[in-house]
Amino acid sequence: MKIVVYLEFRAEIRDRITANCIENVVTSDDILLKPSSSEELIEISSAGDIDLFIISAIEESHLIAILTHNPTVTIQYPFAGVPPHVLRAVLGFPDVTLCNNHSNGLAVGRYAFSLTLALTQHICFFDEEVRNGNWRKNERFHENEVLDNVTIGLLGVGNIARGFSVPFRTIYPGARFIGYRRVNKPTDLCEEIVTDLEEFFDRSTIVICSLPHTEATEAIVTRDLLRRTSYFVNVGRGGVVDEEGLYLALKENELRGAAMDVFWDELKPRVQNEPKYPYRFPFHDLPRGKVILSPHRADSPTWADDKFAQFSENIQRLRTNQALINVVSKHGY
């Protein structure tokens with residue numbers, strides 16, 4: 001089997017993960033190639049005999065060039081959220097298999113649970129009040145939310161939702177869970193699946209968003225939908241939410257509160273000696289009791305070896321013609 005590894009991680013992390021999660025299952029019959037640049041990657045791929053690509057960041061045009069020479073290859077992406085440009089490229093090659101990595105589900109789900117408690121119990125607001133010398137001055141305006149009988153709306157019903165629902169149900173067994181899907185496909189995470197977004201938001205006290213960012217989910221969460229719920233927690237991707245709509249819903253008190261670990265402009269260049277905000281609207285100027293901002297850290301520590309154990313598993317499954325783990329549905333992702 002011929003395997004190509006192109007992971008744009010820090011060198012020490014890339015080398016450790018390659019050694020512990022890829023080379024540990026490579027046999028003497030395998031060929032393992034580790035190009036150091038995208039140009040070298042394309043050159044290696046031109047022979048058309050690659051069985052498995054393990055890749056992270058790559059330009060769409062480069063990926064299309066690679067797949068043109070390897071139209072039946074398997075691609076292993078290292079994270080859960082596959083970028084839209086990768087999906088677009090893969091859609092042009094029906095025999096390419098794309099796998100993502102769901103090892104972050106438990107950690108991100110638990111982090112969403114923590115954000116939910118911090119938001120609904122007004123922890124950040126009370127912290128600021130004490131720091132400002134306002135000992136119990138405004139607490140009557142921020143009563144803790146009683147969560148025993150709320151309806152939790154799971155916008156995304158995968159591994160992250162499971163990581164959230166287990167601790168929440170343990171502490172609040174009276175809570176009801178509903179999930180949104182475009183088709184009514186039941187899941188053990190919810191008592192009910194709702195296929196209409198307006199109805200879903202109308203019935204949810206707290207919406208937990210773990211959706212990936214795709215062309216189908218682009219700005220799917222609008223201001224009108226946000227007005228229909230009380231709290232919104234996003235640990236999926238920023239691009240699934242209309243940024244201006246969320247900001248205005250918070251500013252105009254149409255939404256009681258929001259917590260975000262993901263944003264819209266996370267990759268914009270940092271300007272020296274200037275603050276970097278990963279959004280266009282001034283969420284940081286909103287009251288702390290209204291919004292919690294977290295710097296995309298739900299999966300921390302990101303680089304633990306066990307987060308990439310799926311690499312080893314899928315290499316062995318591919319070698320023995322077994323079903324691969326976490327194959328992405330190209331049309332329903």
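Every heavy atom of this structure was used, including side-chain atoms; hydrogens, water molecules and symmetry mates were not.
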Run the salt-bridge test on Glu12 and Arg16 with the 4.0 Å N-O cut-off and return the result as yes or no.
no
Short question: side chain of Asn134, backbone of Lys137 - any donor-acceptor pair under 3.5 Å?
no
Which heavy atom in Val194 sits nearest to a heavy atom in Phe200, and how many Å separate them?
CG1-N, 3.8 Å
Take atom NZ in Lys185; do more than 12 heavy atoms of anything else shown fall under 6.0 Å from it?
no
Check against salt bridge (Lys or Arg N to Asp or Glu O under 4.0 Å), Glu215 and Arg88:
CA-CA 9 Å; Glu215 292 180 354; Arg88 282 197 303 270; 3.7 Å; yes
May I ask you to decide if Ile66's main-chain N or O and Asn70's side chain share a donor-acceptor pair within less than 3.5 Å?
yes
Check whether any side-chain N or O of Ser46 sits under 3.5 Å from a backbone N or O of Glu43 as a donor-acceptor pair, and report yes or no.
yes
Tyr111 and Ser294: CA distance, side-chain angles, deciding distance, side chain to side chain donor-acceptor pair (under 3.5 Å) verdict:
CA-CA 10 Å; Tyr111 197 82; Ser294 171; 2.6 Å; yes
If you draw a 6.0 Å radius around NZ in Lys251, do more than 12 non-hydrogen atoms from other residues or ligands fall strictly inside?
no
Taking Thr205's backbone N and O only, do any of them form a donor-acceptor pair with Thr229's side chain (distance below 3.5 Å, no angle check)?
yes
Can you tell if the side chain of Val5 reaches within under 4.5 Å of the side chain of Phe53, non-hydrogen atoms only?
no
Find the distance between CD (Glu39) and CD1 (Ile44) and round it off to the nearest 0.5 Å.
11.5 Å
Whether over 12 other heavy atoms sit under 6.0 Å from Glu60 CD
yes
Fit a plane to each ring of Phe113 and Phe168, take the angle between them on a 0 to 90° scale, and name the class: parallel (under 30°), tilted (30 to 60°) or perpendicular (over 60°).
perpendicular
Would a 4.5 Å heavy-atom cut-off, applied to side chains only, mark Ile75 and Ile55 as touching?
yes
Side chains of Lys290 and Asn253, donor plus acceptor under 3.5 Å:
yes
Worked check of side chain to side chain donor-acceptor pair (under 3.5 Å) between Ser312 and Asn24
CA-CA 7 Å; Ser312 302; Asn24 62 322; 3.3 Å; yes
Between Val157 and Cys190, which heavy-atom pair has the shortest distance, and what is it?
CG1-SG, 4.1 Å
Aromatic centroids of Tyr247 and Phe283 separated by under 6.0 Å
yes
Have Gln76 and Gln310 got a donor and an acceptor in their side chains that come within less than 3.5 Å?
yes
Do side-chain atoms of Ser103 reach the backbone of Lys307 as a donor and acceptor pair under 3.5 angstrom?
yes
May I ask you to check whether Tyr231 and Glu145 show a side-chain donor-acceptor distance below 3.5 Å?
yes
Backbone of Asp15 reached by a side-chain donor or acceptor of Lys34 within 3.5 Å
no
Can a salt bridge be assigned to the pair Asp51 and Arg319 using a cut-off of 4.0 Å between side-chain N and carboxylate O?
no
Looking only at atom types and distance, does a side-chain atom of His213 sit under 3.5 Å from a main-chain N or O of Gly236, one as donor and one as acceptor?
no
Does the side chain of Asn20 come under 3.5 Å of the side chain of Asp305 through a donor N or O and an acceptor N or O?
yes
Please find the pair of heavy atoms, one from Phe125 and one from Gly289, that lie closest to each other, and give the distance.
CB-CA, 3.6 Å
For Ala219 and Thr222 the tightest heavy-atom approach is O-CG2, 3.8 Å
Side-chain ion pair, Glu129 and Arg288, N-O less than 4.0 Å:
no
Are Glu192 and Arg176 close enough for a salt bridge, meaning some N to O gap below 4.0 Å?
yes
State whether a side-chain donor-acceptor pair under 3.5 Å links His102 with Asn104.
no
Mind checking whether Tyr277 and Trp264 have ring centres under 6.0 Å apart?
no
Looking at Asp188 and Arg162, does any basic side-chain N land under 4.0 Å from a carboxylate oxygen?
yes
Closest non-hydrogen atom pair between Val240 and Pro212, with its separation:
CG1-O, 3.3 Å
Face-on cation placement of Arg169 at Phe177 ring, 6.0 Å and 45° thresholds:
yes
Look at the side-chain heavy atoms of Ile, Leu, Val, Met, Phe, Trp and Tyr, link any pair under 4.5 Å apart, and say whether Ile315 and Ile325 land in one connected group.
no
Angle class for the Phe263/Tyr279 ring planes (parallel below 30°, perpendicular above 60°, tilted otherwise)?
tilted
How about CZ on Arg110, more than 12 heavy atoms from neighbouring residues, nucleotides or ligands closer than 6.0 Å, or not?
no
Taking all non-hydrogen atoms of both residues, which atom of Ile3 and which atom of Ile54 are closest, and how far apart?
CG2-CD1, 4.3 Å
Please check if the side chain of Asn101 supplies one atom and the backbone of Pro78 the other of a donor-acceptor pair under 3.5 Å.
yes
Between Asp261 and His296, a side-chain donor and acceptor under 3.5 Å:
no
